[in-house]
Q: 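The structure that follows is given in the form of structure tokens.
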Amino acid sequence: MSTIMSLREVFAQLPDSKQPYFYPLDGVLTLICLAMMCGCNGEREIARWSQAQRWTLPERLGFPRERMPSLGTIQEALRRIPPAELTQITSEWAEQVFASQGSTAGEGIAIDGKVVRGSRTEEQDAVHLLSALAHDLQLVLGQVPVADHTNEIGGIPPLLADLVLEGRIVTVDAHLTQRKIAKTIRKKGGTT
């Protein structure tokens, strides 16, 4: 059985993470993921959650004692890594974790779209993402942005292309229940 790297080890392999910064990029990206796993949906929420963890997490993430990244540092870390690359890295890691749990037969994947709270600015509309979530592990296996002024149907093909669906049950919102989508899921070995 192969050993699965921690998410921080995965982020440490990014070329940009080797550059000297006050907070290591791999630690900041791991912090962001941890905050999101705890229900933080926006950058400000992540920054608040980060400050609440200043007594327990800094050393584990490679930060100076009792110091956590500010909102600006979190935003800079997210700007440094292209969203598609970050999604690919976390999705591949999640698939490895998922596969290490044994048989995936009958395990569920929920596909749903959400608008990222706090992502709207004067210059851009709010970010709309279509995500695939593994029920049992509560991990995002894949995520794609939904283009402005379109619906989630166009985001399904690229999302499904990278997912392992063999033996998994896939649930979608009512507006995504279309023959073409169901056929793609079945073709990849999934059940709708």
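Hydrogens, waters and symmetry mates are skipped; everything else that's a heavy atom, side chains included, is used.
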Q: Between W93 and I4, is any pair of side-chain heavy atoms under 4.5 Å apart?
A: yes

Q: Any side-chain heavy-atom pair from D112 and T171 closer than 4.5 angstrom?
A: no

Q: Which pairs pass ring-ring contact (aromatic ring centres under 6.0 Å, His included) with one or both residues in residues 54-78, sequence neighbours excluded?
A: Y23-F63

Q: So which heavy atom on G154 is nearest to which on P157, and how close?
A: O-CD, 3.5 Å

Q: Donor-acceptor pair, distance only, cut-off 3.5 Å: does the side chain of Q51 make one with the backbone of R48?
A: no

Q: For L130 versus G155, what's the shortest heavy-atom pair and its separation?
A: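 Reported closest heavy-atom pair: CD2-C, 3.6 Å.
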
Q: Is any side-chain heavy atom of I111 closer than 4.5 Å to a side-chain heavy atom of L160?
A: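 Yes. Closest side-chain heavy atoms under 4.5 Å.
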
Q: Can you check whether L14 reaches I89 side chain to side chain, under 4.5 Å on heavy atoms?
A: yes

Q: Taking Q53 for its side chain and P58 for its backbone only, find out whether a donor-acceptor pair lies under 3.5 Å.
A: no

Q: Distance-only, no hydrogens or angles: does the S50 side chain make a donor-acceptor pair with backbone N or O of I46 under 3.5 Å?
A: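 Such a contact is absent between S50 side chain and I46 backbone.
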
Q: Quick one: pull up OG1 in T184 and NZ in K187 and give me the separation to the nearest 0.5 Å.
A: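 Interatomic distance, T184 OG1 to K187 NZ, rounded to 0.5 Å: 7.0 Å.
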
Q: Rounded to the nearest 0.5 Å, what separation is found between the CD atom of E152 and the NZ atom of K114?
A: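 E152 atom CD to K114 atom NZ measures 8.5 Å (nearest 0.5 Å).
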
Q: Mind checking whether L25 and R80 have side chains closer than 4.5 Å, heavy atoms only?
A: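 L25 vs R80: side chains touch.
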
Q: Near R79 CZ, under 6.0 Å, is it more than 12 heavy atoms from other residues, nucleotides or ligands?
A: yes

Q: Is any side-chain heavy atom of F22 closer than 4.5 Å to a side-chain heavy atom of P69?
A: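 Side chain of F22 against side chain of P69, heavy atoms only: no contact under 4.5 Å found.
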
Q: Taking all non-hydrogen atoms of both residues, which atom of A77 and which atom of L29 are closest, and how far apart?
A: O-CD2, 4.3 Å

Q: Tell me, with the steps shown, if I185 and I181 meet side chain to side chain contact (heavy atoms under 4.5 Å, CB included).
A: CA-CA 6 Å; I185 293 169; I181 294 170; 4.0 Å; yes

Q: Which heavy atom of M68 sits nearest a heavy atom of L31, and at what distance?
A: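 Here M68 and L31 meet closest at CE-CD1, 3.6 Å.
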
Q: Counting C-beta onward and ignoring hydrogens, is there a side-chain heavy-atom pair between I109 and L133 closer than 4.5 Å?
A: no

Q: For a quick test of reading the model, state the closest non-hydrogen atom pair linking E43 to L78 and the distance between them.
A: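 Looks like OE2-CD1, 3.7 Å.
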
Q: Taking the side chain as everything from C-beta on, heavy atoms only, tell me whether F11 gets closer than 4.5 Å to P24.
A: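 Counting from C-beta outward, F11 and P24 never come under 4.5 Å.
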
Q: Passes side chain to side chain contact (heavy atoms under 4.5 Å, CB included), V28 versus L61? Steps please.
A: CA-CA 7 Å; V28 176; L61 297 175; over 6 Å; no

Q: Should I81 and M5 be regarded as members of a common hydrophobic cluster, given that ILVMFWY residues are connected when their side-chain heavy atoms come within less than 4.5 Å of each other, either directly or indirectly?
A: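 Same hydrophobic cluster.
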
Q: Within the distance-only criterion (no hydrogens, no angle test), does the side chain of K183 pair as donor or acceptor with the backbone N or O of Q178 below 3.5 angstrom?
A: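 No, because the side chain of K183 does not come within donor-acceptor range (under 3.5 Å) of the backbone of Q178.
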
Q: Quick check against the 3.5 Å criterion: does R44 have a side-chain atom that pairs as donor or acceptor with the backbone of L71?
A: no

